Enquirer: 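Take this structure first; my questions come after.
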There are 2 protein chains.
Amino acid sequence: MKIADPHVPLAKKLRRGDLFQTGCPSREVMKHVTSSWGVLILIALRDGTLRFSELRRRVNGVSERMLSQTLQWLEGDGLVLRRAYPVVPPHTEYTLTPLGEEAAEKVASLAEWIEERLPVILGNAEQKRSET
Amino acid sequence: MKIADPHVPLAKKLRRGDLFQTGCPSREVMKHVTSSWGVLILIALRDGTLRFSELRRRVNGVSERMLSQTLQWLEGDGLVLRRAYPVVPPHTEYTLTPLGEEAAEKVASLAEWIEERLPVILGNAEQKRSET
DNA sequence: GTATGTACTTACTTTTCGTAAGCAAGGTGA
DNA sequence: TCACCTTGCTTACGAAAAGTAAGTACATAC
């Protein structure tokens with residue numbers, strides 16, 4: 001009779017993450033999702049599937065290096081699905097998974113809040129600077 | 001008769017921010033709010049006013065350097081209020097402003113989502129690793 | 001008198017990031 | 001024909017950001 005597999009996967013051990021705990025894997029996921037480019041990529045993909053270079057053009061300012069890296073993070077977390085067609089020139093498509101759509105919704109909500117409140121925030125900053 | 005002040009403050013010029021635009025100040029604010037420690041600080045302060053060292057103990061793993069810097073960012077954006085009492089030993093309190101509470105709510109919502117879904121996300125990652 | 005706590009700042013090291021270039025193979029324009 | 005553009009990456013390198021450690025000025029506890 002077999003003894004139960006001693007390797008219990010990490011995903012089963014944790015009932016849920018705790019961001020306040022050092023070393024909790026949720027911190028890594030948070031880093032990916034809230035990274036400068038991660039935020040913008042997630043939001044951009046809400047409109048539907050995009051190719052690498054389309055993403056690059058939408059997310060103004062991102063380098064190919066960071067776009068590639070961030071997409072790999074998000075893919076690794078299961079938030080983004082990558083479909084590559086082995087043709088020349090290369091053709092690769094990126095889409096949000098259902099999980100990714102949930103995450104994207106949250107960050108989009110934060111992003112919209114910031115865009116809306118930006119004038120107020122800048123007003124605060126300006127006022128503070130003048131309080132020499 | 002006076003000519004209108006040519007200096008129109010930035011806050012009035014922008015109706016709202018656009019994160020997809022390179023150089024838009026909203027990107028800076030986003031960086032502050034979604035920085036590793038910014039997220040945790042905002043969430044921690046939702047429970048009420050905290051002192052510097054209390055925050056440091058709650059937000060496990062943050063160094064004094066980064067805690068100080070992040071708090072200055074958030075204060076500069078008007079999300080956190082700092083009250084310092086010039087006593088020895090020093091006593092400084094940090095509180096969310098109403099604006100900060102709004103931001104904190106959004107990031108807390110994202111954080112909770114990640115903590116909840118962490119097992120699923122780790123499951124994805126584990127599965128991918130085994131697809132050698 | 002040694003240790004501890006407070007809220008920082010400063011110097012130094014390590015990690016991350018942005019910039020630029022390279023690659024493979026085809027299409028386009030002159 | 002040949003130079004050049006395109007796509008989706010990766011690699012090398014310098015710059016910027018973050019982490020580590022230590023210093024500061026007292027006060028209180030032991």
Side-chain angles (χ1 to χ4, degrees), chain A residues 19-25 27-41 44-45 49-77 80-95, chain B residues 19-25 27-42 44-45 49-77 80-95 128:
Chain A
L19 282 165
F20 282 95
Q21 232 38 61
T22 313
C24 176
R27 285 198 174 175
E28 275 305 296
V29 180
M30 193 58 146
K31 261 194 194 171
H32 301 163
V33 171
T34 65
S35 67
S36 291
W37 306 122
V39 168
L40 296 178
I41 291 170
L45 287 177
T49 297
L50 288 175
R51 296 180 59 171
F52 187 87
S53 52
E54 288 171 331
L55 264 170
R56 181 153 156 59
R57 278 186 289 269
R58 283 216 193 185
V59 180
N60 288 302
V62 71
S63 67
E64 300 190 344
R65 185 184 177 280
M66 288 314 293
L67 182 54
S68 173
Q69 183 174 103
T70 309
L71 282 168
Q72 285 173 21
W73 289 341
L74 298 176
E75 195 200 350
D77 294 337
V80 163
L81 182 69
R82 176 177 180 272
R83 249 171 290 132
Y85 303 94
V87 293
V88 171
H91 184 114
T92 314
E93 292 177 351
Y94 293 93
T95 315
Chain B
L19 282 165
F20 283 94
Q21 232 38 60
T22 312
C24 176
R27 286 199 174 175
E28 274 305 295
V29 179
M30 193 57 146
K31 259 193 195 172
H32 301 161
V33 172
T34 65
S35 68
S36 290
W37 305 123
V39 168
L40 297 178
I41 291 170
L42 287 173
L45 287 176
T49 297
L50 287 174
R51 297 179 59 170
F52 187 86
S53 50
E54 288 172 330
L55 264 170
R56 181 150 156 62
R57 279 186 290 268
R58 285 216 192 187
V59 179
N60 288 302
V62 70
S63 66
E64 300 190 343
R65 185 183 177 279
M66 288 314 294
L67 181 55
S68 174
Q69 183 175 102
T70 308
L71 283 168
Q72 284 172 23
W73 288 341
L74 297 176
E75 194 199 350
D77 294 337
V80 162
L81 182 70
R82 175 177 181 272
R83 249 170 290 133
Y85 303 93
V87 293
V88 170
H91 186 115
T92 315
E93 291 176 352
Y94 293 92
T95 315
K128 246 155 223 152

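First the proteins, then the strands, lettered A, B, ... as listed; each starts at 1. Everything quoted here is computed from the prediction, not taken from an experiment. As a basis for the values below, the full set of heavy atoms in this structure was taken, side chains included, without hydrogen atoms, waters or symmetry mates.
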Enquirer: Closest-nucleotide mapping onto DNA chain C: is A:Lys31 or A:Pro89 further toward the 5' terminus? I mean the 5' end.
Expert: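 Whichever sits nearer the 5' end wins; that is A:Lys31.
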Enquirer: Is any side-chain heavy atom of B:Ile41 closer than 4.5 Å to one of B:Val62?
Expert: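 In short, these two side chains do not touch, never coming nearer than 4.5 Å.
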Enquirer: For residues A:Ser36 and B:Arg27, is any side-chain donor paired with an opposing acceptor at under 3.5 Å?
Expert: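 No.
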Enquirer: Using whole Å, report how far CD of B:Gln69 lies from P of D:dA17.
Expert: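 That distance rounds to 9 Å.
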Enquirer: In whole Å, I'd like the distance from the CD atom of A:Glu54 to the C1' atom of D:dG8.
Expert: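 Taking CD of A:Glu54 and C1' of D:dG8, I get 13 Å after rounding.
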Enquirer: Taking for each residue the nucleotide of DNA chain C bearing the nearest heavy atom, is the 5' side occupied by A:Ser36 or by A:Val88?
Expert: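 Comparing both residues, the 5'-ward one is A:Ser36.
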Enquirer: Should B:Leu19 and B:Met30 count as side-chain neighbours, where that means a heavy-atom distance under 4.5 Å?
Expert: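 Yes. Closest side-chain heavy atoms under 4.5 Å.
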Enquirer: Starting at the 5' end of DNA chain D and moving along, which residue's nearest nucleotide shows up first, A:Ala84 or B:Trp37?
Expert: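 That would be A:Ala84.
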Enquirer: Scan A:Tyr94 against the nucleic acid and name what it touches under 4.0 Å (heavy atoms): base, sugar-phosphate only, or nothing.
Expert: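 It contacts sugar-phosphate atoms only.
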Enquirer: Remember a base hit wins even if backbone is also touched, and classify B:Ser63 as base, sugar-phosphate or nothing at under 4.0 Å, heavy atoms.
Expert: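 Base, at least one base atom sits under 4.0 Å.
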Enquirer: Rounding to an integer number of Å, can you tell me how far B:Arg56 CZ sits from D:dG19 P?
Expert: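 Taking CZ of B:Arg56 and P of D:dG19, I get 12 Å after rounding.
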Enquirer: To the nearest Å, give me how far apart CG (A:Leu67) and P (D:dT10) are.
Expert: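 Computing the A:Leu67:CG to D:dT10:P distance gives 11 Å.
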Enquirer: Side-chain N or O of B:Ser68 versus OP1/OP2 of C:dA7: is the shortest distance under 4.0 Å?
Expert: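 Looking at the OP1 and OP2 atoms of C:dA7, neither is under 4.0 Å from any side-chain N or O of B:Ser68.
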Enquirer: May I have the distance from B:Arg65 (atom CZ) to D:dA17 (atom C1'), rounded to whole angstrom?
Expert: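 Result: 8 Å.
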Enquirer: Considering just the side-chain nitrogens and oxygens of B:Arg51, establish if one lies under 4.0 Å of OP1 or OP2 belonging to C:dA7.
Expert: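 Indeed, a polar side-chain atom of B:Arg51 lies that close.
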Enquirer: At less than 4.0 Å, is any side-chain N or O atom of B:Arg57 found next to OP1 or OP2 of C:dT6? Yes or no.
Expert: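 Indeed, a polar side-chain atom of B:Arg57 lies that close.
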Enquirer: Under a 4.5 Å cut-off applied to non-hydrogen side-chain atoms, are A:Val59 and A:Leu67 in contact?
Expert: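 When only atoms from C-beta onward are counted, A:Leu67 and A:Val59 do not touch, as no gap falls below 4.5 Å.
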Enquirer: Taking only N and O in the side chain of B:Gln72, is any of them less than 4.0 Å away from OP1 or OP2 of C:dT9?
Expert: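 The answer is yes; a side-chain N or O of B:Gln72 sits under 4.0 Å from OP1 or OP2.
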